[in-house]
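To start, the structure itself, in structure tokens.
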Amino acid sequence: MSATASESLSAQRNDPTFDDVWDEINWRGLVHVSTNADELKALLAGPPITYYCGFDPTAPSLHLGNLVQLLLLRRLQLAGHKPLGLVGGATGLIGDPRPTAERTLNDSETVAEWVQYLQAQVSKFLSTEGDNAVRMVNNLDWTSPMSAIDFLRDVGKYFRVGTMLKKEAVSARLNSDAGISFTEFSYQVMQGMDFLELYRTRDCMLQTGGSDQWGNLTSGTDLIHKAEGASAHAIGTPLITNSDGTKFGKSEGNAIWLDSTMTSPYAFYQFWLNTDDADVVQRLKIFTFLSRDQITELETAVADAPFRREAQKTLAFEVTSLVHGGAATEAAIAASAALFGQGELSSLDADTLAAALRELRHVETSAESTIVQLLVDTALVSSASEARRAISQGGVYLNNIAVADDQATLGGELLPGNVAVLRRGKKTLAGIFVSS
RNA sequence: GGCAUGUUACCCAAGUGGCCAAAGGGAUCUGACUGUAAAUCAGACUGCUUCGCAUUCGGGGGUUCGAAUCCCUCACAUGCCA
């Protein structure tokens, strides 16, 4: 990720037309489940409280699902509250139970490395200045020194197996033929301990997380109640889904990452630009800092003139700017305009074209290369067979002209600057730079 | 530890000796229609030197002219028993 995500921090603010941040996050659809709503509303409208959200290092980067959490943290910070960003150096070694199957454990060096990356990402979305600057914590710091005896005596006694078995994440796995290991079964205890630790040492009153983590969130509030006799709170955000029922945050089967080396700003921008009409308003609410009025206007625009796709363009601009910064966003927009514009590709000047192609996946090659090979090299397809199949289905275009022959080579079909645009389907593009 | 059952392509799931590269559904991809949208319709969806060949049905070994299908064994999972 570029270092520019923080450049927009100073421009962000909550919509002042809401009475308080609780009303705003509810309007934005960020609250799916929570502990007592009246208490939470009062708590959030009162003096600053400390709250946290955990991110487990299961990959070298956070993804779009995590962005929902990051923005919720930021909105609460804007309301004056004090965020803790927890990266789970310990829980990342355990793995929370997924509904389908047991996770493969990652080795501790890898996890430790990922912790570094995630901490850097998390801090970019939150202010690091002022009374309520974000503070980063790592649960490895308090779980690592603990002995198994301490764990079983001091923590384990508070947990009832019956309750643990009833958690959705656990029971789903018990009822499937995948079963569940003791390791993953224990995950909820680890997360509960985190909340208790932060309650004790940082006076942390609230934990946020995805609603699929609800069992783990309440594990913490229950533990605090039992161990300290105090009540703490939790907010579970909704699972973001597409209106057609498919998974949100995937493109071509791959996750959309926040790291620009894993998902390019261009691809990131395109992902948002392609948002369904039916989903775009909900996405604006969750993923942008636009005001209620601005979003209402865009909602009207979608209804009145859907073909202009104003809401999608705004959404793509806002979120890409937020994550990748202004410069990268401008480049992504320029590339999109050049490559999806109405005009002929050959009418673009060489510099514009080259800049646009560099935003895409691109390769350097010679004019003798076959189209099939180039499709494979640019990862537009995963095998030569798939490349031939794509060509025979009429789904491959070289400089906007359909390729008919699977024996074809690049030949002399070049654009200014000795480049070519290879396209698969309607909108999957790659750049070809021909070396002389 | 014992007995039983199960492990099929991205996911779910048929298939129980040849007609199986393996039914069906979902996801995905391509084409048509569009607005770089949705819905719909059509096609594709292991690989390759592609009218043919190679390699797949948890791993390994075996029986057979021939196995995803039978046998042995290992791993993992689920249930019951201890």
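Proteins come first, then strands; the chains are lettered A, B, ... in the order of their sequence lines, and each starts at number 1. These values consider heavy atoms only, across backbone and side chains, with no hydrogens, waters or symmetry-generated copies.
- Between A/R423 atom CZ and B/G31 atom P the separation is 8 Å, expressed in whole Å.
- Among the nucleotides B/U36, B/A38, B/U30, the one closest to any side-chain atom of A/T428 is B/U30.
- Put simply, the side chain of A/S385 and the base of B/U50 share a donor and an acceptor less than 3.5 Å apart.
- Per the geometry, CG belonging to A/L273 stands 15 Å off C1' belonging to B/A38, to the nearest Å.
- For B/A9 and B/A68, the P atoms lie 14 Å apart once the distance is rounded to whole Å.
- When heavy atoms are screened at a 4.0 angstrom cut-off, A/S336 is found touching base atoms of the nucleic acid.
- Rounding to whole angstrom units, CG of residue A/D277 and C1' of B/U36 are separated by 12 Å.
- As a whole-Å value, the separation of A/Q393 CD from B/U28 C1' is 12 Å.
- Closest to the A/A384 side chain, of the nucleotides B/A44, B/U49, B/A37, is B/U49.
- Using a 4.0 Å cut-off between charged nitrogen and carboxylate oxygen, A/D96 and A/R103 count as a salt-bridge pair.
- Rounded to an integer number of Å, the gap from A/L315 CG to B/G35 P is 21 Å.
- Nucleic acid contact for A/N274: base, since at least one base atom lies under 4.0 Å from a heavy atom of the residue.
- Counting heavy atoms from C-beta outward, A/L339 and A/E359 have side chains that stay 4.5 Å or more apart.
- Relative to the side chain of A/R424, the nucleotides B/U36, B/C29, B/C48 differ in distance, and B/C29 lies closest.
- No hydrogens or angles were tested; on distance alone, a donor-acceptor pair under 3.5 Å links the side chain of A/K426 to the base of B/U34.
- A sub-4.0 Å separation between OP1 or OP2 of B/U49 and a side-chain N or O of A/R388 is present.
- One interatomic measurement links the two molecules: CD of A/Q312 to P of B/A38, which rounds to 10 Å at whole-angstrom precision.
- Nucleotides B/G59 and B/A67 place their P atoms 16 Å apart, quoted to the nearest Å.
- A heavy atom closer than 4.0 Å to some atom of RNA chain B occurs in A/P306, A/F307, A/R309, these being the qualifying members of residues 296-311 of chain A.
- Between A/A390 and A/G179, the residue anchored closer to the 5' end of RNA chain B is A/A390, taking for each the nucleotide with the nearest heavy atom.
- Rounded to an integer number of Å, the gap from A/N242 CG to B/A38 P is 10 Å.
- Note: A/W27 and A/F18 have tilted aromatic rings, judged against thresholds of 30 and 60 degrees for the angle between ring planes.
- Ion pairing of A/R173 with A/E102 is present here, as a side-chain N (NZ or NE/NH1/NH2) and a carboxylate O approach within less than 4.0 Å.
- For A/R389, the side-chain atoms get nearest to B/G47 when compared with the rest of B/U36, B/G35, B/G47.
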